[in-house]
Amino acid sequence: MIAWTDANNMPELPEVETVARGLQRAVVGRKILSVTLGKTDFIDDPETVEKQLPGRKILAVERYGKFLLLRLSGNEGAGQGNEGVALLVHLGMTGMLLPQAVKEPQRKHTHVVLQLDDGQELRYVDPRRFGRIAYLAGEVLSGELRRFGADPLEVGLEEFARRIRARRARVKALLLDQHVLRGVGNIYADESLWKAKIHPAQLGTRLKTHQVEQLYGALQDILQKAIALRGSSISDFLDAEGLPGEYQRHHRVYGREGKGCSRCKTPIRRVIVAGRSSYYCPNCQKAPRGWKKKGRAKTEASRRTGASKTRKS
DNA sequence: CGTTGAACCTGTTTGC
DNA sequence: TGCAAACAGGTTCAAC
């Protein structure tokens, strides 16, 4: 029914972690011989990428929030605030980084190809080009990384509590804000809130201590389980490596509008919070006082080309 | 300051 | 049956 849940790409923290692990095996230690670019509107500075990558070795592949970080050779002075040299890759919604043999036919929407020294190529494929690629080094790289919040799997309870209560915004918005926590996306935010029995529209500042603790535990637990199951199904690259993700089978609310809550059988609802589809159990997750799921009707403001939609399933 | 909505882009799904 | 419009995802930016 909810057909789009079987889309095979929803790269959030667990999916990106899975890709990073696969790439560690496939490309670490390889030298980049040359670069071929297709469409470049999602690349920060295409010329720099083209000029700087050839000759460098891929030293490591790390996950940083939803980014993949390909650490590159060329600045041995790394450390102490100097992050060295790296290629930053954000998969956006439909991005894939695929190690493939040169002779393998290129998929449609292949926009970046790195020729490696072992007969393989690392190909970036992204139909919608919602991703981002940037070559960054030294201070610029450090600065860019500093912009993001804590890693949800590494952050301690105290810091988590401080961050999630710091602003007077809805908890869903806070979870999705990469400057608060890095790596959480729509699926895992909803799943965690359900597990912690917190309504997505609840204000972060209003959360009780026990709720913050529940959320902290739920988020880590869910992310770890999802990683163990290789995320919620993702790219072909994984097929080559092993199995597609399995976590989507464990979704309790995401994409399950109208189906019974697995705790209390109440039909799961979908509302828009923080501008995003949010799935929750209206019984387990009590709405904050004064929050009305106002119909998104009356969009009279949009005159444009009769763009106002008024969806309201 | 926080929230909302549009824009970016394309493949897939829905609706008439 | 066929085509047009809606819709999804993450992020940024402009406008309330």
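Computed from a prediction, not measured in an experiment: that's the story for all the values here. Proteins come first, then strands; the chains are lettered A, B, ... in the order of their sequence lines, and each starts at number 1.
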Next on the checklist: Check whether A/Q285 reaches the backbone of A/I198 with its side chain - one donor and one acceptor, N or O, closer than 3.5 Å.
Outcome noted: yes

Checklist entry - Side chain of A/K259, backbone of A/P267: donor and acceptor closer than 3.5 Å? => result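 No, the answer is negative, given that no donor and acceptor are paired below the 3.5 Å cut-off.
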
Which protein N or O atoms sit under 3.5 Å from an N or O of nucleotides 9-11 of chain B?
| unit_1 | atom_1 | unit_2 | atom_2 | d |
| --- | --- | --- | --- | --- |
| B/dC9 | O4' | A/R128 | O | 3.4 |
| B/dC9 | O3' | A/R129 | NH1 | 3.4 |
| B/dT10 | OP1 | A/R129 | NH1 | 2.9 |
| B/dT10 | O2 | A/R128 | NE | 3.4 |
| B/dG11 | OP1 | A/H109 | NE2 | 2.6 |

Checklist entry - With sugar-phosphate meaning primed atoms plus P, OP1 and OP2, does A/R182 contact a base, only sugar-phosphate, or nothing at under 4.0 Å between heavy atoms? => result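 The answer is nothing, as A/R182 stays clear of every strand by at least 4.0 Å.
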
Starting from [atom2] on [N], measure out to [atom1] on [X] and report it in whole angstrom.
| X | N | atom1 | atom2 | result |
| --- | --- | --- | --- | --- |
| A/Q202 | B/dG2 | CD | C1' | 16 Å |
| A/R206 | B/dG2 | CZ | P | 14 Å |
| A/R132 | C/dT12 | CZ | C1' | 11 Å |
| A/Y64 | C/dT11 | OH | P | 14 Å |
| A/H251 | C/dG9 | NE2 | C1' | 14 Å |
| A/K172 | B/dT4 | NZ | C1' | 15 Å |
| A/I272 | B/dT3 | CD1 | C1' | 14 Å |
| A/M93 | C/dT11 | CE | P | 12 Å |

Checklist entry - If we ignore angles and hydrogens, is there a donor and acceptor under 3.5 Å between the side chains of A/E83 and A/S142? => result no

Checklist entry - With A/F42, which residues qualify under ring-ring contact (aromatic ring centres under 6.0 Å, His included), at least two apart? => result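 Listed in chain order: A/H111, A/Y124.
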
Checklist entry - When clusters are formed by joining ILVMFWY residues with side-chain heavy atoms under 4.5 Å apart, either directly or through shared neighbours, do A/V180 and A/V155 land in the same one? => result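 Yes; tracing contacts between hydrophobic side chains, which count when under 4.5 Å, links both residues.
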
Item to check | Non-neighbouring partners of A/N283 that pass side chain to side chain contact (heavy atoms under 4.5 Å, CB included), sequence neighbours left out | outcome: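 In terms of side chain to side chain contact (heavy atoms under 4.5 Å, CB included), with neighbours along the sequence ignored, A/N283 is linked to A/C264, A/T266, A/C281, A/K286.
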
Item to check | A/I58 side chain near A/L23 side chain, heavy-atom distance below 4.5 Å | outcome: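 Result no, sub-4.5 Å side-chain heavy-atom pair not found.
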
Checklist entry - Is A/V27 close to A/L114 at the side-chain level, that is, under 4.5 Å between some pair of heavy atoms? => result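 They are not in contact (no side-chain heavy atoms under 4.5 Å apart), so the answer is no.
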
Item to check | Short side-chain N/O contact from A/Y254 to OP1 or OP2 of C/dG9, under 4.0 Å | outcome: yes

Next on the checklist: Atom CZ of residue position A/R132 - does it have more than 12 heavy atoms of other residues, nucleotides or ligands inside 6.0 Å?
Outcome noted: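 Buried by this count: over 12 neighbours within 6.0 Å.
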
Next on the checklist: Let me test you: for the helix from B/dG2-C/dC16 to B/dC16-C/dG2, what is the angle between the axes at its two ends (five pairs each), rounded to 10 degrees?
Outcome noted: 70°

Checklist outcome for this item: One should read off an interatomic distance between A/Q52 CD and A/L136 CG, to the nearest 0.5 angstrom, of 11.0 Å

Item to check | Least distance between heavy atoms, A/Q115 atom then A/V35 atom | outcome: OE1-N, 3.5 Å

Item to check | Nucleotide nearest A/H179 (side chain, heavy atoms from C-beta), chosen from C/dG9, C/dT11, C/dT12 | outcome: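 Of the candidates, C/dT12 comes closest.
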
Item to check | Nucleotide nearest A/S277 when distance is taken to its side chain, options C/dG9, B/dT3, C/dT11 | outcome: C/dG9

Checklist entry - Which residue pairs pass the ring pair (Phe, Tyr, Trp, His ring centres under 6.0 Å) test with at least one member in residues 204-231 of chain A, sequence neighbours excluded? => result A/F160-A/Y216

Next on the checklist: Near DNA chain B, counting only heavy atoms under 4.0 Å, which residues of residues 158-171 of chain A show up?
Outcome noted: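 Heavy-atom cutoff 4.0 Å gives A/R167, A/R168, A/A169, A/R170.
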
